[in-house]
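Remarks on the structure that follows.
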Amino acid sequence: MDGPLIDSNGGAPGLSDRLRATPATIRHRKASTVSSLPDLNEAQRAAVEHGAGPALVIAGAGSGKTRVLTARVAHLLARGIAPEAILAFTFTNRAAREMRARIERTVGEAARRLWVGTFHATGVRILRREARGGALPGIGPDFVIYDREDQETVVAAAIAALELPEGTLRTGEVLRRISDAKNALVSVEAFERAAVSPHERRIAACYRRYRDTLRGQSALDFDDLIGDVVTLLRDRPEIAERYRRRFVHVLVDEYQDTNHAQFRLVEALAAGHGNLFVVGDDDQSIYRFRGADLTNVLEFERAFPGAAVIRLEQNYRSTANILRAANAVIAHNRDRKGKTLWCDREDGARLRFVLAADEADEARCVRARLEEHRRRGGRLDECAILYRTNAQSRALESELRLHGIRYEMVGGVSFFARREVKDLLAYLRLALNPADRVAFWRVWNTPRRGLGDAVRARIEALGDAPPLEALRSLAGEGLRGAARGGAESFITLIDELRAGLNAPPAELLRLVLERTDYLRMLDDERDGTSADRRANIEELLVAASDHASAPADDGSGDVAGFLAEATLVTDADRVEEGADRVLMLTAHTAKGLEFPVVIVAGLEEGLFPHGSSLDEPGQLEEERRLFYVAVTRARNEVLLTAAAYRRRFTAEGVFAARGGAVSRFVDEIPAELVDREETLQPAVRFPAWASRRRAGAAGPAQSDGPAYRTRGPLARVVGKEVYHETFGRGVVVMAEGAGPDARYTVRFGTQLKKVMGRFLTGGVDVD
DNA sequence: TGCGTTGACCCTGGA
DNA sequence: GGTCAACGCA
């Protein structure tokens, strides 16, 4: 059997040029020779050979859409289109790499001249070029890209500057509103005009301040990487014309997850020739929170009159049972173009659903399933554990670690967002762009060099001057002792980095490590993370030297290019094939991947579908699509799990145990396709509301339900280990009442019991 | 004045 | 379980 592969149809392996092929993947390579289009079905062939003009390919899960895109590019090249005249947008860097690698296998070197990349990477490429030509007012070619954390810093400062009462505006909300505005191409001025309520006006004020701050620092955020290109092409027709003449064919993968700005970018590039080829699946649109706009698919034909519409409905990936289950669930959605996938594979095993006692028990079931797979001779990398939220990984991780099962978590804290990595990169950012205040404040006293709030206030009093220069003038006169020495060594280091910007990034990073004694700082922290962080730094150095050997075709220096890549790369881009470990990832991150065995954990109302979606039909449909994506990742087997009780943090910040009903999505799978099990024999019946909610699942979503919540000291009892004279060791899953009357629901092994507090010893004697 | 420790608040998803 | 602001200490 094969390991996890990119959406590939027919088992053709996803290979990236940086990753080594495993024997299994090499075996399949022959099958994907595309020049003669040997083994395409009729619909696929029609898509690949589509002539001029717009085309919308509705490609169901596992229907070979990546293959079609790749084959189409090869087909265009074979028809004499120059590689530099083709622009393809992919959803991940990894997909871009793989597409390029596959095309290279057919057409060789020429593939290097294609433009294949994510919207963001392509945006950087265009902006970098045009910035060199001076086409972007106020933005130099060495602009930096602010990631989420950097953005938060800026927004927090903007909110603080408004001097509102504590808690009036929250960073997260403001950031989301700014991002939404940018994705919809709403300028600061337009936002201000539309803002009527005091709340809206305050957000508008933050937006303005945020924009001005970024401009002042020659910084762009993720949304700017697209929005600024759209603005550029709109305001500078001659530049737009240049790109239109250059790119004769524009292709877009995962079209269902494009937002308005991306739509406008594509539209602007394809205007005139109209050779726009988009591939997507409305049933797999799962990024609405990021502005993805399904109307881009649903109204493609209106936006591009005369568009050909081609449907790929044959699935080559999953067994018939898996496909039937997925079809049945997604049929509950109303807002779709409508299609039914079919396949000619055998029925295969039924899906399995297990209701576990709590999340620890659920983790145990997952682990047991993995061990079963291994006993049958399977490999761990054939399995993936999917969940709705990253927070769910914790219980799974500890169970797998305890039993020595190797795993790799994808997502969560991205590699380049780790503290130690961002610290080191901030030195480079500062050297490249002294106006980058976020980078300055990140590292000016990291590692500690005797600088603190007092000096900070004096620098800030100097206003807009680059902070490094402010510090330089202070070091000359106003500072004494440790602060002076610290400031001087910092300034010297940055100056040296500046002078050495032409050197390879890895060399600069080594200089930073050496001068700052950064590693010693890590050791001194004594929090047990030192070894991990050191390893990450090692990896950063490797990534930096890898980058040096890659061509910078946008003409940017190594350092600027490396920093951009570091910001835009995601964890999913870095997953390696062939390692024997199970992957753990969110359903979102799993998009585009496939695995022989898929485990979807946490299938409870309020978690998957997520609680925030329950009041809104549109949002609920998005959750259902996400579940559909999760299930259709599987080739052969699906295990669905849920926990009767789960410890969670709620919005109120309360440590709570709640029993959720089983997810409605499980119930939407026809009963004959699922084997259901419960691992616990409840001596205590589940609270009535749990089943009531389940019964009412088809109706309007109920409020959050009477989920039992413990507050104060009681809350700390939930999840604690306790002992009972007859039942032995157990774990508290729910607490009710207080004082001597307190009663606890405790899981002893697979038994659930309700016990008075006085019969328990352990952590329960709290009032 | 900077540093280390303690308690509030907190997580949907991610380029 | 993780981060950050506020606190008192060197």
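First the proteins, then the strands, lettered A, B, ... as listed; each starts at 1. Since this is a predicted model, take the numbers as computed values, not measurements.
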Does dG14(B) have its OP1 or OP2 closer than 4.0 Å to a side-chain nitrogen or oxygen of Thr589(A)? yes

Return the value, rounded to whole Å, for the distance between atom CD of Glu359(A) and atom P of dC11(B). 20 Å

So what does Gln151(A) touch, heavy atoms closer than 4.0 Å: a base, only the sugar-phosphate, or nothing? nothing

For Arg625(A), which residues count as a salt bridge (Lys or Arg N to Asp or Glu O under 4.0 Å) partner, sequence neighbours excluded? Glu622(A)

Nucleotide nearest Arg148(A) (side chain, heavy atoms from C-beta), chosen from dC11(B), dT12(B), dG14(B): dG14(B)

Residues pairing under side chain to side chain donor-acceptor pair (under 3.5 Å) where one sits in residues 451-460 of chain A, two or more places apart or in two chains, turn out to be none

Whole-Å gap separating P (dG13(B)) and CG (Leu175(A)): 15 Å

Among residues 217-230 of chain A, which ones have heavy-atom contacts with DNA chain B below 4.0 Å? Phe222(A), Asp223(A)

What verdict does the ring-ring contact (aromatic ring centres under 6.0 Å, His included) test give for Tyr387(A) and His588(A), after you've listed the backbone C-alpha separation in whole Å, the side-chain angles of each residue and the deciding distance to 0.1 Å? CA-CA 9 Å; Tyr387(A) 37 75; His588(A) 280 96; over 10 Å; no

Could you check how far CG of Leu585(A) sits from C1' of dT12(B), rounded to whole Å? 15 Å

Ranking dG14(B), dT12(B), dA15(B) by distance to the side chain of Thr586(A), first place goes to dG14(B)

Would you give the length of the straight line joining atom CD1 of Ile385(A) to atom CD of Gln392(A), rounded to the nearest 0.5 angstrom? 11.0 Å

Residues forming a side-chain hydrogen bond (donor to acceptor under 3.5 Å, both in side chains) with Arg288(A), sequence neighbours excluded: Glu616(A), Gln619(A)

Checking all strands, does Ala391(A) fall into the base, sugar-phosphate, or nothing category for heavy-atom contacts under 4.0 angstrom? base

List for me each residue that meets ring-ring contact (aromatic ring centres under 6.0 Å, His included) alongside Phe119(A), sequence neighbours excluded, and say none if there are none. Phe89(A)

side-chain N/O Asn390(A) vs dG14(B) OP1/OP2, d < 4.0 Å: yes

Spacing between Arg458(A) atom CZ and dG2(B) atom C1', to the nearest angstrom: 15 Å

dG13(B) P sits how many Å from Phe627(A) CZ, rounded? 19 Å

If you look at every strand shown and take non-hydrogen atoms under 4.0 Å, does Val455(A) touch a base, only sugar-phosphate, or nothing? sugar-phosphate

With a centroid cutoff of 5.5 Å and a plane-angle limit of 30°, would you call Phe119(A) stacked on dA15(B)? no

What's the closest nucleotide to the side chain of Ala454(A) if the choices are dT12(B), dG14(B), dG2(B)? dG2(B)

According to side-chain hydrogen bond (donor to acceptor under 3.5 Å, both in side chains), who are the partners of Arg449(A), at least two apart in sequence or on a separate chain? Tyr427(A)

Under the rule for salt bridge (Lys or Arg N to Asp or Glu O under 4.0 Å), what residues qualify as partners of Arg442(A), not counting sequence neighbours? Glu149(A), Asp423(A)

Of the nucleotides dT12(B), dG14(B), dG2(B), which one has an atom closest to the side chain of His610(A)? dT12(B)

Spacing between Glu149(A) atom CD and dC4(C) atom C1', to the nearest angstrom: 12 Å

How many Å lie between CD on Glu152(A) and P on dG14(B), as a whole number? 15 Å

Residue closer to the 5' end of DNA chain B, Arg456(A) versus Thr118(A) (nearest nucleotide): Arg456(A)

Kindly say whether Glu605(A) contributes a backbone atom to a donor-acceptor pair with the side chain of Ser663(A) at under 3.5 angstrom? no

Side-chain N or O of Thr570(A) closer than 4.0 Å to phosphate OP1/OP2 of dA15(B): yes

ring-ring contact (aromatic ring centres under 6.0 Å, His included) partners for Tyr518(A), two or more places apart: none

First encountered from the 5' end of DNA chain B, between Glu622(A) and Ala483(A): Ala483(A)

Please state whether the phosphate of dA15(B), meaning OP1 or OP2, lies under 4.0 angstrom from any side-chain nitrogen or oxygen of Thr567(A). no

To the nearest 0.5 Å, what is the distance between OH (Tyr287(A)) and CG (Leu626(A))? 8.5 Å

Within residues 444-453 of chain A, find the residues that approach DNA chain B with a heavy atom at under 4.0 Å, and present them sorted by residue number. Asn445(A), Arg448(A), Gly450(A), Leu451(A), Gly452(A), Asp453(A)

Between C1' of dG1(C) and CD of Glu397(A), the distance in whole Å: 12 Å

